[in-house]
There are 2 protein chains.
Amino acid sequence: MAIQYKKVSDAVIKRLPRYFRYLAELKEANVQRISSGVLSEKMGLTASQIRQDFSCFGGFGQQGYGYNVESLHSELKKILGVDKGFNTIIIGAGNLGQAIANHSKFEKRGYFLKGIFDLDAKIIGKKINGLEIMNMDSLPDFLRKEKVDIAIITVPREVTAEVADLAASLGIKGIWNFSAMDIKVPDDVVVENVHLSDSIMVLGYRIKNN
Amino acid sequence: MAIQYKKVSDAVIKRLPRYFRYLAELKEANVQRISSGVLSEKMGLTASQIRQDFSCFGGFGQQGYGYNVESLHSELKKILGVDKGFNTIIIGAGNLGQAIANHSKFEKRGYFLKGIFDLDAKIIGKKINGLEIMNMDSLPDFLRKEKVDIAIITVPREVTAEVADLAASLGIKGIWNFSAMDIKVPDDVVVENVHLSDSIMVLGYRIKNN
DNA sequence: TAGATTGTTAATCGATTAACAATC
DNA sequence: TAGATTGTTAATCGATTAACAATC
């Protein structure tokens, strides 16, 4: 029942947002309770795995009943940190950076955009989703004043390493990296890579071999 | 030495684009050969794993020498299908769809954008990266004429299932899904999900627990 | 040749699945 | 109460790592 006795494995962590999504859907559909068996069919997992996964964080269910959708959803919210939320900035206001800035869904999930930065004088000052694109020069000052958890990096490949180092040195806790390049930063900064071209290449491979 | 005796595991497949990226970098830096040991240090894997991975596709190396960068790169190119390439369309020309359309990197990796489709009359006809946004109505005709392998789906959540079914019924071989929703299509269509909000939530979890 | 490094077999480790007592 | 379903322990499966003979 306590919180996290042993290290939760990567495989489990990656399934958490998916559970969270399905629970949100069930909640929206006014489903009150769900068993691991029924959820497993919906999600294409085994019931066993679902119970194992949840048991990493303590028991949320009840024998003979299953899981209360509302309360399981809210537990996941806490586990994922969505309840307290995270502050973010975007570095690199190109097409992708702007698309992410406009993606209001993230705010709903507890990721609040606090600033957008770029080097290009032509777009500095332009407003995206209510925020003015700022000059990269003002980033250090900005981060000294504002509490920002996550830097979303959408800059060209050539400057990725430099920007990541800068963000890390300014106290950012996590980097969401969209560059087709692996980032190396100290252990106190967490990196999550998106690597879109890796993803489409996996798709290509699978098409070829399907 | 033959091609693929047994099914290659998911874990291996997901590492392939990463190998491909590192080999491209080495090639660019004019490195002629590399051993699994040196590559493993660069990539943060074990040398054993690298040799195991490559051996799924036949032996590309030479005892006492290692791997020839150029030829290993070109083998990976073939394995991933990048040599022959894939034709793609984008369905949903919102912020994200347009950002992907403008991302010229994909063309370099063998993913050729052939059309962009949307429902919104206000943007139909607008040119993105040299291609006019077309009306969704013209999609069936378009797919009958053009050989398209991949549909990149960047539509709002509510219409994702419908659009995916349509694409599948029109002979698309693979779907690259950016919607925060799992897609169900017949087995002859491959789906690769990006799920950006899942990804940022994993980052949030890791920050909280780092 | 001697040294280096592969491809592969065997050993280990970790994740998933199965089974079941506990209990709502 | 009887039936359902959990949380957890044990069994299985698969992926990673280690070891080494083969050989360039």
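As the structure is a prediction and not an experimental result, all values here were calculated from the model. Just so it is clear: chains get the letters A, B, ... in the order the sequence lines come, proteins before strands, and each one is counted from 1.
The side-chain hydrogen bond (donor to acceptor under 3.5 Å, both in side chains) check on A:H103 picks up nothing, with sequence neighbours excluded. The side-chain hydrogen bond (donor to acceptor under 3.5 Å, both in side chains) test applied to A:K208 returns no partner, not counting sequence neighbours. Residues passing the side-chain hydrogen bond (donor to acceptor under 3.5 Å, both in side chains) test with B:E25, sequence neighbours excluded: A:R157. When the salt bridge (charged side-chain N to carboxylate O under 4.0 Å, His left out) test is applied to A:D120, the partners found at least two apart in sequence or on another chain are A:K122.
In this structure, A:Q63 does not reach the D:dA4 phosphate: none of its side-chain N or O atoms is under 4.0 Å from OP1 or OP2. Between B:Y67 and C:dG7 there is a side-chain N or O to OP1 or OP2 distance below 4.0 Å. Distances shorter than 4.0 Å separate some side-chain N or O of B:T46 from OP1 or OP2 on D:dT17. Dashed line: the shortest gap from a side-chain N or O of B:R15 to OP1 or OP2 of D:dT16 is under 4.0 Å.
The distance from atom CD of B:Q52 to atom C1' of C:dT8 is 7 Å, rounded to the nearest whole Å. In this structure, A:R51 places its CZ atom 15 Å from P of C:dT16, rounding to the nearest Å. The distance from atom NZ of A:K7 to atom C1' of C:dC13 is 15 Å, rounded to the nearest whole Å. When rounded to the nearest whole Å, the span between CZ of B:F57 and C1' of C:dT8 equals 16 Å. Going from atom CZ of A:R33 over to atom P of D:dA4 covers 11 Å, rounded to whole Å. When rounded to the nearest whole Å, the span between CZ of B:F60 and P of D:dT23 equals 19 Å. As a whole-Å value, the separation of B:Q49 CD from D:dA19 P is 17 Å. One interatomic measurement links the two molecules: CD1 of A:I13 to C1' of C:dA15, which rounds to 14 Å at whole-angstrom precision.
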Legend entry - DNA chain D base-pair string [pairs: Watson-Crick or G-U under 3.5 Å; |: paired with another strand]: ..||||||||||||||||||||||

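Seen from the ring of B:Y65, B:R33 counts as a face-on cation partner, given the 6.0 Å and 45° thresholds.
Map A:D10 and A:Q62 each onto its nearest nucleotide of DNA chain C; the residue landing nearer the 5' end is A:D10. The residue among B:G61 and A:Y65 whose nearest nucleotide of DNA chain C lies closer to the 5′ end is B:G61.
At a cut-off of 3.5 angstrom, the base of C:dA18 holds at least one donor-acceptor pair with the side chain of A:S48.
Without hydrogens or angle criteria, B:E75 side chain to B:F60 main chain gives no donor-acceptor distance under 3.5 Å.
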Cut-off 3.5 Å, no hydrogens considered: what does the side-chain donor-acceptor table look like for residues 177-194 of chain A, sequence neighbours left out?
{"residue": "A:N177", "atom": "OD1", "partner": "A:S179", "partner atom": "N", "Å": "2.9"}
{"residue": "A:N177", "atom": "ND2", "partner": "A:M181", "partner atom": "O", "Å": "2.8"}
{"residue": "A:N177", "atom": "ND2", "partner": "A:N193", "partner atom": "OD1", "Å": "2.8"}
{"residue": "A:S179", "atom": "OG", "partner": "A:T160", "partner atom": "OG1", "Å": "2.8"}
{"residue": "A:D182", "atom": "OD1", "partner": "A:H195", "partner atom": "NE2", "Å": "2.8"}
{"residue": "A:D182", "atom": "OD1", "partner": "B:R21", "partner atom": "NH1", "Å": "3.4"}
{"residue": "A:D182", "atom": "OD2", "partner": "B:R18", "partner atom": "NE", "Å": "2.8"}
{"residue": "A:D182", "atom": "OD2", "partner": "B:R18", "partner atom": "NH2", "Å": "3.2"}
{"residue": "A:D182", "atom": "OD2", "partner": "B:Y22", "partner atom": "OH", "Å": "2.8"}
{"residue": "A:E192", "atom": "OE1", "partner": "B:R206", "partner atom": "NH1", "Å": "3.0"}

